[in-house]
Amino acid sequence: MEIKISTPRQFNFIRTVFSHGWCELVPFELNKSRSRLVRVVELPDGSPVTLTISRAGHGIKIDAPGRINRAAAAKIERDVRHMLRLDDDMTGYYSAVAGNAEFEWVAREGAGRLLRAPTVFEDMVKMICTTNCSWALTDKMNAALVNLLGKPAADGRRSFPTPQAMAEMPAGFYRDEVRAGYRAPYLKELADSVASGAVDPEQWLSSELPAAELKREMKKIKGVGDYAAENMMRLVGRYDGLALDSWIRSKFSKTRNKGRIASDKKIERYYAGFGEWKGLALWCDMTRDWLDEEGN
DNA sequence: GCGTCCAGGTCTACC
DNA sequence: GGTAGACCTGGACGC
């Protein structure tokens with residue numbers, strides 16, 4: 001079955017899909033030409049289905065195997081709209097960068113929509129797995145979670161595990177099987193608290209808390225510090241945190257500071273003029289060269 | 001082969 | 001509130 005969705009005028013499929021590393025982490029997959037994003041999502045009855053998402057005219061199309069009923073189609077469209085940020089209003093951001101010669105490319109290329117998982121829970125688990133380790137280890141931990149706890153779709157690909165599935169496993173599983181090391185109790189505690197209803201990360205999407213308070217809420221999760229919380233803030237649509245990490249500091253030094261180490265305060269000053277959008281301006285600035293203007 | 005460093009940080013104890 | 005030290009893993013690097 002094929003589902004077509006129209007997209008906002010300045011939506012850029014490849015800039016969104018390749019906006020950060022999530023497209024490389026299962027159950028996301030990006031094909032070599034970067035023209036198709038594959039993703040396993042769960043239907044309303046909990047069964048996994050593999051979607052193939054690609055550009056089609058002025059919108060996108062979603063290919064799903066077999067027949068899909070109306071409720072399933074609605075869930076698929078909701079998940080895809082959520083993942084690709086199709087309902088995010090970027091006009092404020094594009095206004096903030098307008099007139100700045102170094103950033104005018106952002107609106108021209110439709111950059112700034114950051115790919116996210118269908119659930120905040122999945123984003124949070126993955127974010128914890130990015131802390132204090134190489135990307136290769138993040139990939140390995142995430143793949144173990146999906147392969148060991150995800151449910152198989154018809155083609156053998158697996159969904160991301162639910163909070164309940166993760167909560168059923170002991171902390172030792174995350175240490176010994178997922179190889180999460182000291183993050184193991186953090187993953188267990190997060191899964192337990194979400195599965196029990198004590199914490200509801202999905203509510204952060206519509207939270208009316210001021211950014212600073214929402215960030216404090218996120219940091220109550222063990223294993224979530226400034227870097228992880230500020231990255232999570234971006235994924236729920238708040239962009240005033242810079243989420244500085246070793247990669248950003250290194251990249252800024254190379255591209256904006258003549259190769260010299262820059263202090264965090266200097267990085268903050270550089271993007272301060274973008275106000276509530278400074279975290280997104282920084283991210284776009286640091287990742288502009290991931291793609292050329294033709295999307296290659 | 002072995003030791004060291006460190007990567008898309010965070011927590012805790014201590015001051 | 002600020003900071004030093006500990007913390008898992010695994011790839012890269014030097015020897």
Side-chain angles (χ1 to χ4, degrees), chain A residues 17-26 28 30 112 114-117 120 122-148 166 169-193 199 201 212-236 238-239 241-257 261-265 267-268 270-271 278-291:
Chain A
V17 168
F18 213 60
S19 53
H20 60 119
W22 263 206
C23 63
E24 299 174 357
L25 298 179
V26 287
F28 281 116
L30 188 59
L114 305 182
L115 184 71
R116 61 188 175 189
V120 181
E122 179 182 330
D123 284 331
M124 183 60 96
V125 170
K126 285 178 170 171
M127 201 62 74
I128 290 173
C129 291
T130 68
T131 58
N132 196 29
C133 64
S134 62
W135 184 254
L137 184 55
T138 297
D139 189 19
K140 186 172 182 175
M141 287 186 275
N142 178 70
L145 286 172
V146 170
N147 291 332
L148 297 172
M166 286 184 63
M169 306 305 289
F173 167 82
Y174 297 101
R175 184 184 61 242
D176 302 331
E177 305 295 326
V178 178
R179 309 296 291 168
Y182 70 89
R183 305 168 197 81
Y186 303 158
L187 296 176
K188 170 64 176 167
E189 188 174 322
L190 172 62
D192 284 346
S193 58
V199 172
E213 284 185 42
L214 183 56
K215 182 180 162 185
R216 270 197 293 276
E217 282 295 305
M218 291 179 176
K219 287 181 70 175
K220 288 178 183 173
I221 307 287
K222 283 278 184 65
V224 176
D226 284 333
Y227 153 82
E230 290 176 7
N231 267 315
M232 286 303 301
M233 291 286 281
R234 289 176 183 163
L235 298 184
V236 299
R238 311 283 191 107
Y239 300 104
L242 298 182
L244 298 178
D245 56 25
S246 56
W247 183 81
I248 287 283
R249 292 183 178 101
S250 171
K251 188 71 185 283
F252 183 90
S253 297
K254 288 176 193 160
T255 60
R256 293 295 186 193
N257 207 41
I261 294 172
S263 68
D264 289 358
K265 286 194 183 303
I267 300 174
E268 286 172 21
Y270 190 86
Y271 298 99
K278 59 180 178 286
L280 191 53
L282 172 145
W283 186 253
C284 288
D285 194 29
M286 294 295 98
T287 60
R288 178 182 183 180
D289 61 2
W290 285 6
L291 296 169

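Here is how names work: the chains are called A, B, and so on, in the same order as the sequence lines, proteins then strands, and each is numbered from 1. Please read all numbers here as calculations on a predicted model, not as lab measurements.
When the P atom is compared between B:dA13 and C:dC8, the two are found 15 Å apart, to the nearest whole Å. Going from the C1' atom of C:dG11 to that of B:dT10 covers 22 Å, rounded to whole Å. Remark: the separation of the P atoms in C:dG5 and B:dG8 is 24 Å, to the nearest Å.
The nucleotide whose nearest atom lies closest to any side-chain atom of A:R179 is, among C:dT9, C:dC8, B:dT10, C:dT9. Which of B:dT10, B:dA7, B:dG9 sits closest to the side chain of A:D226 comes down to B:dT10. Here the side chain of A:A228 is nearest to one of B:dC11, B:dG9, B:dT10, namely B:dT10. Ranking C:dC8, B:dT10, B:dG8 by closeness to the A:T131 side chain, first place goes to B:dT10. Taking the side chain of A:K222 as heavy atoms from C-beta on, and the options C:dT9, B:dA7, B:dC11, the nearest nucleotide is B:dC11.
Relative orientation of the A:W247 and A:W283 rings is tilted, given thresholds of 30° and 60° on the angle between their planes.
Here the CG atom belonging to A:L242 is positioned 10.5 Å from the CE atom belonging to A:M286, to the nearest 0.5 angstrom.
A:L187 has its CG atom 13 Å from the P atom of C:dT9, to the nearest Å. Nucleotide B:dG8 holds its C1' atom 11 Å from the CZ atom of A:R183, rounded to whole Å. If you take CD of A:E24 and P of B:dG8, they are 12 Å apart, rounded to a whole angstrom. Note: CG (A:L244) to C1' (B:dG8) measures 11 Å, nearest angstrom. Rounded to an integer number of Å, the gap from CD1 of A:I248 to P of B:dA7 is 14 Å. Taking atom CE of residue A:M232 and atom C1' of nucleotide B:dT10, one finds them 16 Å apart after rounding to whole Å. Rounded to whole Å, atom P of B:dG9 lies 11 Å from atom CE of A:M141. Here the P atom of nucleotide B:dA7 and the OH atom of A:Y227 are 13 Å apart, to the nearest Å.
Pairs of Watson-Crick or G-U wobble type, with distances under 3.5 Å, assemble into runs of 3 or more in DNA chain C at these ranges: B:1-7 with C:9-15, B:9-15 with C:1-7.
Nearest-nucleotide positions on DNA chain B place A:W283 closer to the 5' end than the other of A:G223 and A:W283. Each of A:N132 and A:A136 was matched to the nucleotide of DNA chain C holding its nearest heavy atom; the match closer to the 5' end belongs to A:N132.
Looking only at atom types and distance, the side chain of A:Y182 has a donor-acceptor partner in the side chain of A:N132 under 3.5 Å away.
With centres under 5.5 Å and a plane angle under 30°, the ring of A:W135 is stacked against the base of B:dG8.
Residues A:L244 and A:E230 fail the side-chain proximity criterion, which asks for heavy atoms closer than 4.5 Å. In this structure the side chain of A:T130 never reaches within 4.5 angstrom of the side chain of A:K126, judged on heavy atoms.
Contact annotation for A:I128: no contact, since no heavy-atom pair falls under 4.0 Å across all strands.
Between A:Y174 and A:Y186, the distance separating the two ring centers is not shorter than 6.0 angstrom.
Between the side chain of A:Y182 and the base of B:dG9, a donor-acceptor pair under 3.5 Å is found.
At a threshold of 4.0 Å, the pair A:K265-A:E268 does not count as salt-bridged, since none of the basic side-chain nitrogens sits closer than that to a carboxylate oxygen. A salt bridge between A:K278 and A:D285 is absent, with no side-chain N of the basic residue lying under 4.0 Å from a carboxylate O of the acidic one.
OP1 or OP2 of B:dG9 lies within a sub-4.0 Å distance of a side-chain N or O belonging to A:S246.
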